[in-house]
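What follows is one structure encoded as structure tokens, with my remarks underneath.
Each chain gets a letter, A, B and so on, in the order its sequence line appears, and its residues count up from 1. As a basis for the values below, the full set of heavy atoms in this structure was taken, side chains included, without hydrogen atoms, waters or symmetry mates.
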Amino acid sequence: MADAELPMAVDGGYDWDGRWNHVRKFLERPGPFAHPDFEPCTESLQFLLEMCKILVIGAGGLGCELLKNLALSGFRLIHVVDMDTIDISNLNRQFLFRPKDVGRPKAEVAADFINNRIPGCKVVPHYKKIQDFDESFYRQFHIIVCGLDSIIARRWMNGMLISLLSYEDGVLDPSSIIPLIDGGTEGFKGNSRVILPGMTACIDCTLELYPPQINFPMCTIASMPRLPEHCIEYARILLWPKEKPFGETSLDGDNPEHIQWVFKKSIERAAEFHITGVTYRLTQGVVKRIIPAVASTNAVIAAACSLEVFKIASSAYIPLNNYLVFNDVDGLYTYTFEAERKENCSACSQVPQNLQFPPSAKLQEVLEYLMENASLQMKSPAITTTLEGKNKTLYLQSVKSIEERTKPNLCKTLTELGLSDGQELAVADVTTPQTVLFKLNFTT
Amino acid sequence: MATDKTSKEQKYDRQLRLWGDHGQDTLENAHVCLINATATGTEILKNLVLPGIGAFTIVDGHTVTGEDVGNNFFLTYNSIGKNRAQAATELLQELNSHVSGNFVEESPEKLLDNNPDFFHRFTIVIAVQLPESTSLRLGSVLWSASIPFLVCKTYGLIGYMRLVVQEHTVIESHPDSALEDLRLDKPFAEFKNHLQSFDLESMNKKDHSHTPWIIIIAKYLEKWLSEHNYKPPQNYKEKEAFRQLIRDGIRKNENGVPEDEENFEEAIKNVNTALNQTKIPSAVEELFNSEQCNNINSESSSFWVMLRAVKDFVHSEGNRDLPVRGTIPDMIADSQKFINLQNVYRTKAMQDAAAVSTHVQRLLQSLGKPPDVIPDNDIKLFCKNASFLRVVRCRSLAEEYGVDSVNKDEITSCMDNPDSEMVFYLILRGVERFYQQHSRYPGVYNYQVEDDISKLKLCVNSVMQEYNLNVNIKDDYVHEFCRFGASEPHTVAAFIGGSAAQEAIKIISHQFVPFNNTFIYNAMLQTSATLQL
């Protein structure tokens, strides 16, 4: 789809007459609702076009919309990170992809499409996980906007930006703050929030807004199924590891043969208990934990997020303060409120985290607390400490050899492990790029 | 090799989980008309083409300018000088090969002059950035033809949508939270029968701790009623006593310590909602009392025939209650007890639906219509959703704009708060007045902004005077609207694009509930409001 020769504007960019008229009105005119710092001038547009660097995390339902919105708002220096490849089920909303792109990396296809459609826009793709980058990568951006589908990834990103903050004599240096705009959608619901790390509520401050995912109890799945979902989980969790239908391969939700197998076994299980309702679609939904999605909700939430990026980059308006909730099941409903910082937030408060346990408590209890506490919700915490001047791993799950070596520690009491009152424990977890320090307080 | 049907199912999987195959069918049979392929228009259409509407037709007489290309993803530099409908159709069509795209290089005003019937072929007409006079003319044509009309506008950082539909019926409203239909206050015969097969005292330990809480509450309710003159627990004190009665029923081990019986805990937790009175929701009663329900004739849609049948059921077999819904929530129980209980409700629901069906047949016969006009599955779906039926009726544009029919109350009560989103609606009306008087919009060019503020204020005030409205419109807002300069920033267009598309999908599919009737989005504060004008 080659375009005709574009006229070069005086500054050598790809512009034509009137191109940025819609945007200019907000950059070059004063107004009663502009941010107090706002100074209308023609240079603002140049800043957006040539200098402002934005990072978009995710090139999926929200990411495609974000890239389009930013490009049409004047942003040209955009990076996009996404670790996924394109699936056919993405095509109902991720409009930068076509059937021929299935299997290709989302970030790359998205960048190509935008750069082709919007002359002058230079989207740089990264077919990587966010964890593949360190501070030096993230530090280069003026604003970061997330369109993620995972709370763990959000928390990691949140933690990364918090780790970039610098304090001088206990005072936060504002130039070390990188604003984070975060969007999320599910069916007809969505939310958009503005986070100024170190200043406003962060992801972990409001962790209770994301209730933990509920799984069915094992005894129901194993011996007392009542719903078709129970039958599907039986096939997935119990039959697959037992019968190993495809050898040592683990169940891949994207493999139709695997789903077909689970489906068949689920039907058999359901028949045994006279349960109706097992369908292929339901099977796939349960195995892959599918969340329904449509183009419209993603469009709305990405629009709100992109507008906030524009407001912050241009100071044209005071940004959203700080959380927007949207739901269009019955009419259209929005609710805007200011999420508050948590005084002792484990991510951003710099307040040392306390662990209160009796010395006779087992390490297992500490582990469970780290995972189940609503404000922490860690996934597989690794606990280390310093004993007699040496670093000691108390428990680590992610490396098999270390897991086997440290597993017996779970049954030992804190005193048996040599820990004392006031001991500092360093905890690492996927939910944060930095270790969290806890102080052990012995209770009687 | 995947067939077309399979690849569509895969492509649309994520949305089929929201509106089902039958919902998707309505989309694929729909023909949407978009008037004006501005950024707002193409964004709306994009969100309809992606989920697979059958066809769209863009009506636009404008030629593409450089400014148009700047904020519109579906126009390129190459489009400049071309007709805007044609240019946008190409790039929208490219989004989904299952959709058929068409364009008409004509202004809607011309079509209204020469061929207003043109619009009769559409399932819904969506118009963006239309001048007021055209909206009113088109609104009148579509109202007479009973074609839903969605008017949208992006004006600076304000988004606006107005839905105009005479009567929109919704069977599947998919309420976010719905009370269960358990009938514990009025147990039906088959349930009472089933209840008799349980003897909580003599059950073994395993059965006792795996009996569904519905049975537990029903059993203890029977006990309570016999001891309290057949009056169920009324107030907090009595409900607490009832909960304690159940708690006392938890088996104890040999040391007198209560066993861990989760099903009993569930029963205790559910006492409040389980004791809710079974009654017909007031919204449904209103529908029963409406003209359309009482006056069934050959013009009546299936919705009203089925509603009348349900009403007749309520007054006969139903014993003043709606047909039983037939679903129960999951609960701690062994498979057999749960399935058996579930079947009791399901069977009753099927019976009730069959009774409603007989009423439907009777009504159809009296209208001289064949029975298969309303399939059994439709009747079953209707009965299952009987508590959640909704009918949306919007006022016409003529009523909104009429001096005698304007909704003064809504306007003045909202404007008690001068920062209410209503102020943006009022200024938009003033902006249209400005356009009528000056043949341009305020503040389009920088040099106009300052002077246009007072001009726009005059226009706003003249509109208020015509309607005899005494409201305070802050100068700052008038100033801001001049600053907007009739711009259409892409982000705001995209927000309206998503919102409007979803409302259009609701209209086409008759699932979920559309707004009624004016939606204002304030992108400056990221707030919104729905007004009934």
TODO: Measure up the A:Phe95 and B:Phe73 rings against each other and bin them: parallel (under 30°), tilted (30 to 60°), perpendicular (over 60°).
DONE: perpendicular

Quiz item: Using the ring of each side chain (for Trp, its six-membered ring), is A:Phe326 parallel, tilted or perpendicular to B:Phe495, with breaks at 30° and 60°?
Solution: perpendicular

Does B:Asp13 pair with A:Lys288 as a salt bridge, N-O distance under 4.0 Å? no

Are A:Arg24 and B:Glu67 close enough for a salt bridge, meaning some N to O gap below 4.0 Å? no

Ranked by heavy-atom pairs below 4.5 Å to chain B, first place among A:Leu227, A:Leu324, A:Leu91, A:Leu320 goes to A:Leu227

Just so I understand: if I count every heavy-atom pair under 4.5 Å between each of [options] and chain A, which residue has the most?
options                              : answer
B:Gln511, B:Gln336, B:Lys506         : B:Lys506
B:Gly443, B:Gly66, B:Gly497          : B:Gly66
B:Thr527, B:Asn446, B:Thr530         : B:Asn446
B:Asp68, B:Asn96, B:Ile332           : B:Ile332
B:Tyr521, B:Phe519, B:Trp19, B:Tyr12 : B:Phe519
B:His174, B:Glu9, B:Met331           : B:Met331

(request) Please assess B:Ser487 against A:His22 for the test side chain to side chain contact (heavy atoms under 4.5 Å, CB included), listing each intermediate value before the final yes or no. (result) CA-CA 5 Å; B:Ser487 61; A:His22 294 283; 4.0 Å; yes

Exam field: side chain A:Ser296 to backbone B:Asn47, donor-acceptor pair closer than 3.5 Å
no

Bottom line for A:Val23: the part with an atom under 4.5 Å from chain B's heavy atoms is neither

So, the part of A:Asn327 with a heavy atom under 4.5 Å from chain B: the answer is side chain

query: Is there side-chain contact between B:Ser173 and A:Asp330, with at least one heavy-atom pair below 4.5 Å?
result: no

Starting from the C-alpha separation in whole Å, work towards a yes-or-no answer on side chain to side chain contact (heavy atoms under 4.5 Å, CB included) for A:Arg117 and B:Thr76. CA-CA 7 Å; A:Arg117 183 64 63 89; B:Thr76 61; 3.8 Å; yes

**Q.** Criterion side-chain hydrogen bond (donor to acceptor under 3.5 Å, both in side chains) on A:Asn92 and B:Gln15, from CA distance to verdict
**A.** CA-CA 8 Å; A:Asn92 79 327; B:Gln15 69 202 38; 2.8 Å; yes

